[in-house]
Amino acid sequence: MHSIPSLAVILAILLSLLILVTYLILKHNGVTASLVNGAIFANPMKLFQLAKETDNKGKKISYLGLVFLTPVLFVTFAYAAITQLSKSTSKIKCEYREYFENRAWHGKIVDKYLDQENYDFRTISVQNEDRTYKIQGQILSEFDNYELMQIGDSISKNRGEFIVHLYKSNEEIELKLGFDCK
């Protein structure tokens with residue numbers, strides 16, 4: 001099954017082609033241009049100057065069209081990319097919410113560390129009679145939850161719930177998650 005490229009990808013390709021065309025026009029007319037440094041900002045300014053200097057009305061209109069199309073296409077691309085990234089991030093949060101809801105663990109915190117192999121993610125190890133769980137993610141990142149947890153504390157999370165119970169020697173603390181899932 002073929003998928004349609006996203007708007008951001010299509011705009012990136014069009015913007016790249018526009019940069020290439022601008023570069024080739026400038027080079028063809030003996031103007032120093034770049035495909036990388038200054039391609040979005042300096043090259044259109046050089047093309048604008050070239051448009052002012054040319055007497056050919058068709059070239060002048062084409063050059064000015066390219067000059068004004070560059071920032072419009074760039075801003076549209078940036079907006080589309082940010083929108084797509086936002087939707088992707090929201091999807092990941094919703095998937096994690098579902099994953100978290102369907103998990104259960106109960107036991108004693110036996111280790112607490114920053115997982116260097118996983119970008120220094122805050123991590124706890126929870127052990128019970130059956131196994132040891134390695135827990136990372138949003139529950140440890142929000143509301144200073146990680147700082148509250150200590151080795152020797154007990155922790156419990158029931159399947160279907162979003163609340164984690166932290167049992168310290170003399171109190172129970174409910175750790176809640178603020179899922180931002182839309």
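Remember, it's a predicted structure, so these values are computed and weren't measured experimentally. What you see below is based on every heavy atom in this structure, not just the backbone, and it leaves out hydrogens, waters and symmetry mates.
Residues Phe48 and Phe68 come closest through the heavy atom pair CE1-CZ, 4.5 Å. Contact between Gln150 and Glu147 at its shortest, heavy atoms only, is NE2-O, 3.1 Å. Closest heavy-atom contact between Tyr146 and Leu114: OH-N, 4.1 Å. Heavy atoms only, all atoms of each residue included: Lys60 and Ala51 are closest at NZ-O, 3.2 Å. For the residue pair Arg159 and Ala104, the shortest heavy atom distance occurs at N-CB, 3.5 Å. Gly152 and Lys108 make their closest contact through O-CE, 3.5 Å (heavy atoms, listed as atom of the first residue, atom of the second, distance).
Here the side chains of Asp153 and Tyr167 are not in contact, with every heavy-atom distance at 4.5 Å or above. At a threshold of 4.5 Å between non-hydrogen side-chain atoms, the residues Lys168 and Ile173 count as touching. Residues Val126 and Thr132 are not in side-chain contact: their nearest non-hydrogen atoms beyond the backbone lie 4.5 Å or more apart. Residues Leu47 and Val31 have side chains not in contact (no heavy-atom distance under 4.5 Å, counting atoms from C-beta outward). For the pair Met149 and Ile155, the minimum side-chain heavy-atom distance is below 4.5 Å.
More than 12 heavy-atom neighbours from other residues, nucleotides or ligands sit within 6.0 angstrom of NZ on Lys112. For Glu171, the CD atom sits in a packed shell: over 12 heavy atoms of surrounding residues, nucleotides or ligands are nearer than 6.0 Å.
Tested against Ser156 for a side chain to side chain donor-acceptor pair (under 3.5 Å), the candidates Glu161, His106, His165 yield a single pass: His106. Only one option out of Ile10, Leu11, Val9 pairs with Ile13 in a side chain to side chain contact (heavy atoms under 4.5 Å, CB included); it is Val9.
The salt bridge (Lys or Arg N to Asp or Glu O under 4.0 Å) check on Asp111 picks up nothing, with sequence neighbours excluded. Asn56 pairs by the side-chain contact (heavy atoms from CB on, under 4.5 Å) definition with Thr54, Lys59, not counting sequence neighbours.
The OH atom of Tyr63 sits 13.5 Å away from atom CD of Gln49, with the distance rounded to the nearest 0.5 Å. A distance of 4.5 Å separates CG of Asn29 from CG of Leu50, quoted to the nearest 0.5 Å.
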For a quick test of your reading: what N or O donor-acceptor pairs under 3.5 Å do the side chains of residues 39-46 make, sequence neighbours left out?
residue : atom : partner : partner atom : Å
Asn43   : OD1  : Ser34   : N            : 3.4
Asn43   : ND2  : Ser34   : O            : 2.5
Lys46   : NZ   : Thr32   : O            : 2.7

Could you list the donor-acceptor pairs under 3.5 angstrom formed by side chains in residues 14-26, with sequence neighbours left out?
residue : atom : partner : partner atom : Å
Ser16   : OG   : Ala12   : O            : 2.9
Thr22   : OG1  : Leu18   : O            : 2.9

Kindly list each side-chain donor-acceptor pair under 3.5 angstrom involving residues 69-82, sequence neighbours excluded, with atom names and distances?
residue : atom : partner : partner atom : Å
Thr70   : OG1  : Leu66   : O            : 2.9
Thr76   : OG1  : Val72   : O            : 2.7

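Sorted by first then second residue, the side chain to side chain donor-acceptor pair (under 3.5 Å) pairs that include residues 122-131, not counting sequence neighbours, are Thr123-Gln136.
A cation-pi contact links Lys157 to Phe100, judged by a cut-off of 6.0 Å to the six-membered ring centre and 45° from its axis.
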